[in-house]
*Asks:* 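Before we start, here is the structure in question, set down as C-alpha cells.
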Protein chains: 2
Amino acid sequence: MSADLAAYPADTSEDAVRAFLGSAHPIDLAAWLALMPVDEAWALLSGLEDARRASVFENLPLGFQVDLAQHMAPDDLARIVGAMNADDRVDLFNQLPAAAQDRLARDLEPSVREDMRRLSTYAEGSAGAIMTSDFAILDADMTAEGAIDALRLQAPGKETIYRSYVVDRDQRLTGSVRLHALILAEGEARIDTLMEPAPVSVTLETDQEDVAKLIARYDLLAIPVLDGAGRLVGIVTHDDAADVMQAEATEDFQKISTVLPFTQNMRQAGIGMLYSRRIVWLALLIFGNLFSGAGIAYFEDVILAYVSLVFFLPLLIDSSGNAGSQSATLMVRALATGDVALSDWRDLLLREAAVAAALGATMAAVVFPLGAWRGGMDIAMTVSLTMFVAVLIGSLVGMSLPFVLSRLRLDPATASGPLVTTISDGLGVILYFTIASLVLNI
Amino acid sequence: MSADLAAYPADTSEDAVRAFLGSAHPIDLAAWLALMPVDEAWALLSGLEDARRASVFENLPLGFQVDLAQHMAPDDLARIVGAMNADDRVDLFNQLPAAAQDRLARDLEPSVREDMRRLSTYAEGSAGAIMTSDFAILDADMTAEGAIDALRLQAPGKETIYRSYVVDRDQRLTGSVRLHALILAEGEARIDTLMEPAPVSVTLETDQEDVAKLIARYDLLAIPVLDGAGRLVGIVTHDDAADVMQAEATEDFQKISTVLPFTQNMRQAGIGMLYSRRIVWLALLIFGNLFSGAGIAYFEDVILAYVSLVFFLPLLIDSSGNAGSQSATLMVRALATGDVALSDWRDLLLREAAVAAALGATMAAVVFPLGAWRGGMDIAMTVSLTMFVAVLIGSLVGMSLPFVLSRLRLDPATASGPLVTTISDGLGVILYFTIASLVLNI
C-alpha cells in the first residue's frame, strides 16, 4: 500500500469522517482504518452496510484483518467473510488460529464453507492459493444475447464478467469468451462460434510467478486454472498477478542482499523478525571470510616484508567483489524475468569474459600509477596484475553462480552480492599475495 | 519476453509454418519472427492480412521493428503503422531516423499523423509517453442502451471498451463508466447516473511509475490522462502498467548493483554497452577505496606490531558492508514500493539501531573465540569490539543513505550495496586500528 498515495478524511470533524466513510474508495478507507487501534476501526466498520463493509475489510492488511476477526463477535465475522471475495476469504481463513477457523467454518453457508476449505488446501505460492472461484460460466449453445442475460444475473457474485468460460458437462474447460466479443456479435450468434477454443491456462500447482508471467505476456485480464483432469476450478485476475510480480521482485531484492525473505510491511516490521532474517547469512558469511583470513595468515611474511601491499588489499578485493556483484545481480534479474534461459550459459560466459577483461584492464590501468606512487614499479605491476585477474575471475564467478544454483535446483537469487563478494575475497587474497611473492621474489 | 514461455511451429515443414502463421497468438508469432533475419521475417509478415500483420508487428521487439521498417517499402510501412495501436505507433516513430520519420508522417492520414506527432512530444518515462489515445467516449445524456450501441461502433479502433469516459463540451473529463455497469443497468438509465463522477486520474507529466502504482493500488483496468486544462488526452491500461512495474524493478536491480541503467534485453546486450554501464561506478569506487588504503597506511606501524590483526581485516570490513548492504537494499525497495515514506526516517533509524546492535552483538560473540584462538584475549577484545561498532555504524549508514539521497532529490537506488560497502570499509579500517591501538597500547 503506497504511503504517499493515501487519501484521508478532510479533517477530524464528525461530518468529515462520516463523508469519508460513505464516499471514499474501499481501498482508501481500508488504508485509513488500518492506522487505528482495532476497537476504533471496528466501531467505524460495523456501521457500514454489508457489501461495503466486506469490500473495505478485504482490503485491510491481512494482519489487521486477523486482529479484527478476533475482536468482533463470531456472527459478525461470518457475515463479513460470507460476503468477501473467494480468494480474500481463504487468505484470511488460512491466517486464523485453528479454533477460530472451526468456529467460522461452522457459521458459514455450506457452499461457501466447502469452497473456502478447498481453496485453503493449495500450497502457498501456487495458482491454487491465489485464484478465486468466482468466475462466470457460459454454455456453448447459448446465443450472444442469452449469454449477456446470463452474465447480468451472475455478475454480482463474480470477480469479473469481462472474461467468461465455457465448460463441458464434466466441467472441463472448452473455451473462453470476451464480453467485448459478445457485445459486438449478432444477438443470435452461438457461443461456440464466438469463443476462443484453446485458451492459455495454468494448473493448480503452477508457481504464482509463472501465472503472473503468462498474464503479462499475453496482456490477459484473467487466466483460467485447471485441475489434474482439465476441469476449470478458478481464475487469477490481472490485478492479483500485478501484486504477485511486485511481491516476487521484493523477495528477490531481499535475497540478493542476503536477507531471508519476509512479507511484512517494512514500516511495521518488528525488531525480532528483522534480526532473525538478517543474522543467518551475516553469521554464515563470517565463516566464509575466515578463508580470506587464512590466506592472509599464510602470507604473513610477505606482509611483513612489504607492508605497503596492505594499502591496496581493500581496494582489490572490493573491486573484484563489486564487479562480481554487478554480474550476479544482472544475471539473477535476467533469469527471473525470463530474458535469459539456463541454456544461454555458454554464450553469456564468453561475453562476460570479454566485458570483464575490458573492465579489468581499465581498472588495472587506473591503479597502476597509484601503485607506482606508493611503492614503485614492482608494487605497480603486482597491484595491476592482481586487479585484472581478480576482476575477471570475480565477474565470471558472479555471472555463473546463478546458473549453477539454478541447475542444482536452488534459488539463483541467493547468489547475492555479499556471497559473491566473500568468494572473490578469498580468491583475491590468494591471488594478490601469490602474485606479490612472484613479482617481488619473496 | 519470457524465453521459456515461447511457442513455435510444430516443425519446419511448410504446412506447420503456414498453420502457425494463421493461428498462433500475435505475441507468439512476433517472438518467433524476431529470431529470424529481417528479410525472412518480412517475407512471412507481408503475407498476413492487414489487421493481423499490424497486431504481430507491434509485438516485435522495438529494435526489430526499426530494422524491418527500414527494410520494407515506405508504402507498406505506412499501411502497418496506420493500423497499429496509438501507443505502439509512437514508440516506433520515436526510434526512427529523422528522414524515415518525415517520410512516414507524410504517408499517414492527417488525423493519425497529428495524433502520432502529439504523442511523440511527451517526455520519456511520463504518462504521456506510455498512454494511448484510443479511448472510448460517451455522452452524459446517453442511455445505457445507446451507450452500448455507441461502444459497438467505436470498439474496433479502441484499446478497450470495458472502461469508457465521459467528457464535457470542452473535452474535460467528468466521469468514467464501466461496461459492467452498462450491462447491469436498465436500458433507459442515463450515463450521468451510472458514471463514477470523479475518477482517479493522472496528468501528462506524471511519472510512469506513479501511474503504475495508482493502477495497482485501485486494481484499475485503465486510468485516464489529463492535460493541464483537465482535458482527457489518453489512457494507460493495466497491461502497460504491469510492463512499467517490471521495467522499473529491473532498473532498480541494476542501480542497486552500481550498474548504470539500460533497457536492452540481457540476452542480446552488446559487450560495449555492458562495459560502459559497469565501468563508471567500478572506477569511481576505486577512489573511494583509496580512503581505506590511506587509513591502513596511517596505521602501518600497528600492522607491523601485530600482523595477526590483518587476518581479521577482510572479515570485519565485509561484515560491516554486508550489514549495511542489507539495510540499504531493504530501504531502497521499501521506498520504491511506497511501504515507507521519507517522514518515517526517525522511527526507522531507532529501529535499525536496535536491530543492528543485536546483529553486531551476535557477530561480536561469534568472532570473540576466533580472536582469542588467533592472538589471545587482547586480539579477541579488539576484534569483537570493532565488529560490534562496525556492524552498527554500517547498518545505520546503509539505512540512512537512501533517505539522504532522496532528500537531496537524487535517486535512492544509487545507495547500492557496493557504495555502502565502500563507505563502511573506510570507517571500518579507521575504527579497527584505532581500537587496536587503544586496546593493545600501541
Side-chain angles (χ1 to χ4, degrees), chain A residues 2-5 27 152 155 162 183-184 213 216-219 238-239 242 249-250 253 257 259 265-267 271 274-275 278-279 282-283 285-286 289 292-293 296-297 300 303-304 307 310-311 314-315 318 322-323 325-326 329 333-334 338-341 344 354-355 358-359 362 366 417-418 425, chain B residues 2-5 27 152 155 162 183-184 213 216-219 238-239 242 249-250 253 257 259 265-267 271 274-275 278-279 282-283 285-286 289 292-293 296-297 300 303-304 307 310-311 314-315 318 322-323 325-326 329 333-334 338-341 344 354-355 358-359 362 366 417-418 425:
Chain A
S2 210
D4 49 350
L5 296 179
I27 287 170
R152 218 176 254 128
Y162 295 150
I183 295 284
L184 262 60
K213 280 184 188 173
R217 179 184 172 85
Y218 295 106
D219 295 342
H238 67 95
D239 51 302
T250 296
F253 270 104
S257 63
V259 177
N265 181 297
M266 257 312 268
R267 213 179 191 185
I271 292 171
L274 287 171
Y275 169 83
R278 293 176 57 184
I279 190 60
L282 287 179
L285 290 173
I286 288 180
N289 274 306
S292 316
I296 289 177
E300 261 180 25
I303 295 172
L304 283 164
V307 178
V310 191
F311 178 91
L315 169 62
D318 270 6
N322 289 351
S325 184
Q326 288 183 339
T329 305
R333 183 60 178 170
D339 269 12
V340 310
D344 295 320
V355 178
L359 293 170
T362 309
V366 170
D425 276 4
Chain B
S2 211
D4 50 347
L5 296 179
I27 288 169
R152 219 176 251 127
Y162 294 150
I183 297 281
L184 261 60
K213 279 184 187 173
R217 179 183 172 85
Y218 295 106
D219 295 342
H238 67 95
D239 51 303
T250 296
F253 270 104
S257 63
V259 177
N265 182 297
M266 257 312 268
R267 213 172 183 196
I271 292 172
L274 286 171
Y275 169 83
R278 292 176 58 184
I279 190 61
L282 286 178
L285 290 173
I286 287 180
N289 273 307
S292 316
I296 288 178
E300 261 181 24
I303 294 172
L304 283 165
V307 176
V310 190
F311 178 92
L315 170 61
D318 268 6
N322 289 351
S325 184
Q326 288 182 339
T329 306
R333 183 61 178 169
D339 269 13
V340 309
D344 294 322
V355 177
L359 293 169
T362 309
V366 170
D425 276 2

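Quick note on labels: first sequence line is chain A, next is B, and so on, each numbered from 1.
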*Asks:* What's the shortest heavy-atom distance between B:F311 and A:G293, and which atoms?
*Replies:* CD1-O, 2.9 Å
*Asks:* Where do B:R333 and A:T250 come nearest, in terms of heavy atoms and distance?
*Replies:* NE-OG1, 2.8 Å
*Asks:* Answer with side chain, backbone, both or neither: which region of A:V310 has an atom nearer than 4.5 Å to a non-hydrogen atom of chain B?
*Replies:* both
*Asks:* Check whether A:L282 gets within reach of chain B through its side chain, its backbone, both or neither, counting any heavy atom under 4.5 Å.
*Replies:* both
*Asks:* A:V340 and B:R267: which non-hydrogen atoms are nearest, and at how many Å?
*Replies:* CG1-N, 3.9 Å
*Asks:* Which atoms of B:V366 come close to chain A, meaning under 4.5 Å heavy atom to heavy atom: side chain ones, backbone ones, both, or neither?
*Replies:* side chain
*Asks:* Taking side chain as everything from C-beta outward and backbone as N, CA, C, O, which of these in A:D219 sits under 4.5 Å from a heavy atom of chain B? Side chain, backbone, both or neither.
*Replies:* both
*Asks:* Quick check on A:R278 against chain B: is it the side chain, the backbone, both or neither that has a heavy atom closer than 4.5 Å?
*Replies:* both
*Asks:* Tell me which of these, B:L285, B:I303, B:D318, has more heavy-atom pairs under 4.5 Å with chain A than the rest.
*Replies:* B:D318
*Asks:* Checking heavy atoms, do the side chain of B:L359, its backbone, both or neither come under 4.5 Å from chain A?
*Replies:* both
*Asks:* Quick check: closest heavy atoms across B:P314 and A:N289, and the distance to 0.1 Å?
*Replies:* O-OD1, 4.1 Å
*Asks:* Quick one: what part of B:D425 sits under 4.5 Å from any heavy atom of chain A, side chain, backbone, both or neither?
*Replies:* side chain
*Asks:* Which heavy atom of B:A249 sits nearest to which heavy atom of A:F253, and what is that distance?
*Replies:* O-CZ, 3.9 Å
*Asks:* Which pair of heavy atoms, one from B:S257 and one from A:Q326, lies closest together, and at what distance?
*Replies:* O-CG, 3.0 Å
*Asks:* First locate atom CD1 of A:I279, then atom OG1 of B:T362, and finally report the distance between them rounded to the nearest 0.5 Å.
*Replies:* 4.5 Å
*Asks:* Which label fits B:H238 and A:H238: parallel for a plane angle under 30°, tilted from 30 to 60°, or perpendicular past 60°?
*Replies:* tilted
*Asks:* Out of B:A297, B:A334, B:A216, which one racks up the most heavy-atom pairs below 4.5 Å with chain A?
*Replies:* B:A297
